[in-house]
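Structure first, then comments.
Worth knowing before you read on, the calculation uses all heavy atoms, side chains too, and leaves out hydrogens, waters and symmetry mates. The sequence lines fix the lettering, A, B, ..., with proteins before strands; numbering per chain opens at 1. Everything numeric in this text was worked out from a predicted model, so none of it was measured.
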There are 2 protein chains.
Amino acid sequence: MVKVSFREQVLRVREDAIVASVNRLLAEKGFDLMTVDEVAADVGIAKASLYKHFPSKEALAAEAMVRVLDRALAFLATLDALPSAFERLHAVARWTMQVQLAGQMPSLPAQNSSLRTALVSHRAYMDRLMEVSDKLGDWITDAQAAADLDPALPPELILYTLFARACDPVLGVMKAGGRFSDEQIIAMLLQTCFGGLARPASATCQASAVPAT
Amino acid sequence: MVKVSFREQVLRVREDAIVASVNRLLAEKGFDLMTVDEVAADVGIAKASLYKHFPSKEALAAEAMVRVLDRALAFLATLDALPSAFERLHAVARWTMQVQLAGQMPSLPAQNSSLRTALVSHRAYMDRLMEVSDKLGDWITDAQAAADLDPALPPELILYTLFARACDPVLGVMKAGGRFSDEQIIAMLLQTCFGGLARPASATCQASAVPAT
DNA sequence: GTCTATAAATCGATAGAC
DNA sequence: GTCTATCGATTTATAGAC
């Protein structure tokens with residue numbers, strides 16, 4: 001049994017609070033518009049204290065991403081009960097959309113170079129990203145072998161598309177419109193993601209692959 | 001006939017060069033990471049001279065968006081020859097993907113508030129955006145009436161999705177992968193956009209809606 | 001470890017000479 | 001209109017007292 005002092009527990013709780021604030025602010029404003037002053041104010045500590053826990057703004061974002069990937073891995077582990085790889089992928093896409101609509105999906109710009117270099121050097125982040133990608137990659141090839149996903153598409157393209165749909169701005173715009181509930185929006189986005197915009201009304205085509213909600 | 005002095009022509013050419021640089025830098029780095037110093041250096045003039053032409057960084061971005069929307073409107077006008085609304089929408093999606101892969105699609109963050117307020121107050125930008133949206137909206141409802149697009153989807157969701165696919169990060173990631181040509185990437189992205197990831201192999205389903213390239 | 005105070009660098013925007 | 005030079009504000013990061 002590992003000895004954990006009271007002081008270390010306090011430190012852990014404090015860091016949890018920091019990462020929770022970072023996660024929320026990243027989802028709300030994105031990396032570039034989130035300031036470290038803001039994070040400190042949100043947590044309720046001084047900025048200098050923040051830098052005692054994390055060495056840089058990039059490290060803050062990386063840690064938030066680690067937590068999200070941990071949540072994702074925990075969710076993936078619950079999906080083994082589902083009968084087909086396609087249904088597992090469908091459930092993953094639904095889950096990422098729910099996280100985003102709940103304002104808990106940190107949005108990192110794909111272009112910021114200082115952030116990208118920090119992320120690729122971040123072991124914990126890269127390990128988890130690889131683990132998620134590997135698991136999804138296996139399911140994708142399985143679903144293609146079963147012809148539930150289009151076998152003509154490169155598996156990598158399907159993987160990237162699922163990641164991209166987790167951050168799809170259409171979700172936020174539809175939510176801002178206010179005409180549909182979160183569940184309705186997610187159902188429609190899942191439909192366009194897996195079935196496409198042009199899915200014909202033919203029941204033969206619809207029945208084959210999309211599991212019921 | 002309108003009198004245009006030589007001096008006014010020079011000014012116009014200079015401003016064209018400015019907007020061209022802004023457009024390229026916006027596509028390359030995005031609004032937040034693009035600096036005005038960078039634009040001035042790229043054009044080859046001093047920053048103070050830039051501000052004689054445009055009052056703010058936001059105005060620079062707005063003008064770049066106006067040019068892109070003008071290019072889009074010009075392209076839309078060439079599509080009336082196509083027989084169906086669906087084929088026109090398909091051609092529009094292909095065109096936006098080509099523009100993005102060519103590094104000419106400015107990317108504006110959906111979250112930056114100072115930029116958003118500047119854009120919605122920008123008459124020329126809003127007028128063109130409305131014009132594009134109206135035209136696409138008409139085609140969308142036509143394509144739904146013809147059952148080429150899923151009539152169960154709200155037209156606004158289809159419109160937003162088409163806009164979002166014009167900035168889809170999957171395009172850039174696949175291009176960075178280097179395994180496929182631009183045309184192959186576009187063909188696959190069009191397939192996933194209109195046909196979905198799960199399109200079954202059945203020829204009956206494939207033939208109905210997707211026009212040949 | 002937490003704080004106040006500040007360094008160091010960047011960036012948008014402007015002043016003023018020509 | 002273009003330039004050099006600089007302001008003013010913001011932001012990341014740190015120094016040093018407690």
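- Classified by interplanar angle (parallel below 30°, tilted 30° to 60°, perpendicular above 60°), the ring pair Phe86(B)/His90(B) is tilted.
- Atom pair Lys57(A):NZ and dA8(C):P shows a separation of 21 Å (rounding to whole Å applied).
- Spacing between atom NE2 of His53(A) and atom P of dA13(D) amounts to 16 Å, rounded to whole angstrom units.
- Between Phe75(B) and Trp95(B), the angle of the ring planes stays under 30°, which puts this pair in the parallel group of the 30/60° scheme.
- Taking atom CD of residue Glu58(B) and atom P of nucleotide dC11(C), one finds them 15 Å apart after rounding to whole Å.
- In this structure, Arg14(B) and Pro55(A) both approach DNA chain D, and ranking their closest nucleotides by distance from the 5' end singles out Arg14(B).
- For the OP1/OP2 pair of dG1(D) and a distance below 4.0 Å, the side-chain nitrogens and oxygens of Ser49(B) include no atom meeting the criterion.
- Summarising the geometry, the separation between OH on Tyr51(B) and P on dA13(C) is reported as 4 Å, rounded to the nearest angstrom.
- Look at CG on Asp37(B): it is 16 Å from P on dC7(D), rounded to the nearest Å.
- Ion pair Glu28(B)/Arg24(B) flagged as a salt bridge, since at least one NZ, NE, NH1 or NH2 atom sits closer than 4.0 Å to an Asp/Glu carboxylate oxygen.
- Distance, Ile45(B) CD1 to dG1(D) P: 12 Å, rounded to whole Å.
- For Val36(A) and Ala48(A), each mapped to the nucleotide of DNA chain D holding its nearest heavy atom, the one lying further toward the 5' end belongs to Val36(A).
- Distance Phe54(B) CZ to dT2(D) P: 12 Å, rounded to the nearest Å.
- Relative to the ring axis of Tyr51(B), Lys57(B) does not place its NZ or CZ within 45° and under 6.0 Å from the centre.
- Taking side-chain N and O atoms only, Lys52(A) has no distance below 4.0 Å to OP1 or OP2 of dG1(C).
- If you measure from atom CD1 of Ile18(B) to atom C1' of dT2(D), you get 12 Å, rounded to the nearest angstrom.
- Taking side-chain N and O atoms only, Thr35(B) has no distance below 4.0 Å to OP1 or OP2 of dC11(C).
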